[in-house]
Amino acid sequence: MIRYLRTRVLSLLRFPSHLPAAHLVPLHGLLSTTASTSPKPFSVKDFLVTDCGLTREQAIKTSKRLSYLTSLSRPAAALAFLSARGVPRSGIAAAVAADPRILSASVDRVLAPRFAELTEIGLSPSQIVDILSIRRTGSLRGNLLFWIQTLGTYHKILPLAKSNCDLLSANLDKVIKPNLNTLRECGVSAFDIAGGSMYSTRLFTVRHEVLMGAIARVEELGVERGSGMFPRALAALSFLSKDILHGKIQLLRKLGFSQDELVMILKKAPQVLALSEKKIQRAVEFLMRDVSLQAPYIAQRPVLIMYSLEKRLMPRHSLLEVLRQKGLLGVEWDYYTIAAMAQKKFVQKFVDPYKSSFPGLADDYASACLGKA
């Protein structure tokens, strides 16, 4: 371009008489014309707010995942396509906030074909964009049909897919169906997973040999297939290695639990082994040292180990110690009853009656429960 300008200018200077005056373009005119073709600066944040409907806070966070954009041509095309298909502005904003890369998807190769195939199975534009904000590759149509037939409705699938997008793309015949059949044999159905967050949806999509290994580890811990605790144990422990499980069992032994007590813990609350070693040690040491509980008592009520130490066990223990020292408890309560009591009921029983006698008691307890004390 520079060489062309130089040649053009010299030509005009050398042969001025051969051209009409109107064709004598000043050099600064040529330069300004060239400069006007440079790409215009753009703001991804402004586009996300003004065109996509995100809040300024959402746009700041989301724009970081679109830092690779060199222009807004593809996002503008994707946005125009979604709007033309009837996706409401709020639906577009939610989809972009969930996965801003949907704006980079090709209309011809991705968005249009996906809309066509998912419309055929009865999904609305809003439902389709929700799915595409989770997954845009793989056998979406086949997987969605399978889950709709298995669970009954699209609305049960969406939260599961958000927690595990592989549900929408994993191979049905090689992964999902074999895993589902094996889980059914262990007493875990698709409805169990759809109905409660305690069951990990990853159990449906891991390699079958990984699932079988996890089942074997849970059985080695003494939890039997078909028992009510087996699904919980499998969900909690399936992605922990044998070495990690062994280390946590050794820690419980070191903390004073016998073999029979360990078996009791694992049968009643195998989720304890999903906790970090630090959490297990701090909780057990607090219960034994500060609350003066014995290992057999804890083993019969292992959920105590799972309660939040900072936001539940310690604040309640400290409050009861104050009331006990003032002679206000009357009768000695069973510790598990106190720990398991719903927060609202605990406050009504042990905080509200003493607020007037102890100014600041309620505020101090509330702060402690928030971890501020």
| query | Stepwise, does the side-chain hydrogen bond (donor to acceptor under 3.5 Å, both in side chains) test hold for E277 with Q281? | reply | CA-CA 6 Å; E277 290 191 11; Q281 182 164 349; over 6 Å; no

| said: Would you say CZ of R225 has more than 12 non-hydrogen atoms from neighbouring residues, nucleotides or ligands within 6.0 angstrom? | reply: yes

| query | Stepwise, does the side-chain hydrogen bond (donor to acceptor under 3.5 Å, both in side chains) test hold for R312 with Q343? | reply | CA-CA 9 Å; R312 190 183 190 98; Q343 176 72 343; 5.9 Å; no

| task | Would you indicate whether R253, at its atom CZ, is surrounded by more than 12 heavy atoms from other residues, nucleotides or ligands within a distance under 6.0 Å? | result | yes

| task | Give, for atom NE2 of H246 and atom OG of S241, the distance between the pair rounded to the nearest 0.5 Å. | result | 11.0 Å

| query | Does the ring centre of Y297 sit less than 6.0 Å away from the ring centre of Y335? | reply | no

| Check: K248 side chain, L273 main-chain N or O, donor-acceptor pair, under 3.5 Å | yes

| query | Which pair of heavy atoms, one from A93 and one from C52, lies closest together, and at what distance? | reply | CB-O, 3.4 Å

| message | Other residues, nucleotides and ligands only: do more than 12 of their heavy atoms fall within 6.0 Å of NZ on K174? | response | no

| message | Please evaluate residues L255 and I280 with respect to the criterion side chain to side chain contact (heavy atoms under 4.5 Å, CB included), reporting the C-alpha separation (whole Å), side-chain torsions for both, the decisive distance (0.1 Å), and the verdict. | response | CA-CA 10 Å; L255 291 170; I280 293 172; 4.2 Å; yes

Show me, pair by pair, the donor-acceptor contacts under 3.5 angstrom made by side chains of residues 355-362, not counting sequence neighbours?
none

| query | How far apart are the C-alpha atoms of L168 and I131, what are their side-chain angles, what is the distance that settles it, and do they pass the side chain to side chain contact (heavy atoms under 4.5 Å, CB included) test? | reply | CA-CA 9 Å; L168 300 177; I131 292 296; 4.1 Å; yes

| Please walk me through it: do K326 and Y354 pass side chain to side chain contact (heavy atoms under 4.5 Å, CB included)? | CA-CA 11 Å; K326 300 292 184 179; Y354 309 106; over 6 Å; no

| task | Compute both the distance and the angle, then confirm whether R316 meets the cation-pi test with F350: under 6.0 Å from the six-membered ring centre, within 45 degrees of the axis. | result | no

| request: Mind checking side chain to side chain contact (heavy atoms under 4.5 Å, CB included) for S292 and listing every partner two or more places apart, or none if nothing turns up? | output: none

| field | Intermediate values then yes/no, side-chain hydrogen bond (donor to acceptor under 3.5 Å, both in side chains), Y365 and S318 | value | CA-CA 9 Å; Y365 175 73; S318 298; over 6 Å; no

| task | Tell me whether V87 is reachable from V49 by hopping between hydrophobic residues (I, L, V, M, F, W, Y) whose side-chain heavy atoms are closer than 4.5 Å. | result | no

| Side-chain ion pair, R202 and D166, N-O less than 4.0 Å | no

| task | I would like to know whether N143 and S169 meet side-chain hydrogen bond (donor to acceptor under 3.5 Å, both in side chains); could you show each step before the answer? | result | CA-CA 7 Å; N143 283 44; S169 58; 5.9 Å; no

| request: Starting at CZ of R301, measure out to CE of M264 and round the result to the nearest 0.5 Å. | output: 10.0 Å

| query | Do the side chains of V322 and V331 join up, straight or via other hydrophobic residues, at under 4.5 Å, putting them in one cluster? | reply | no

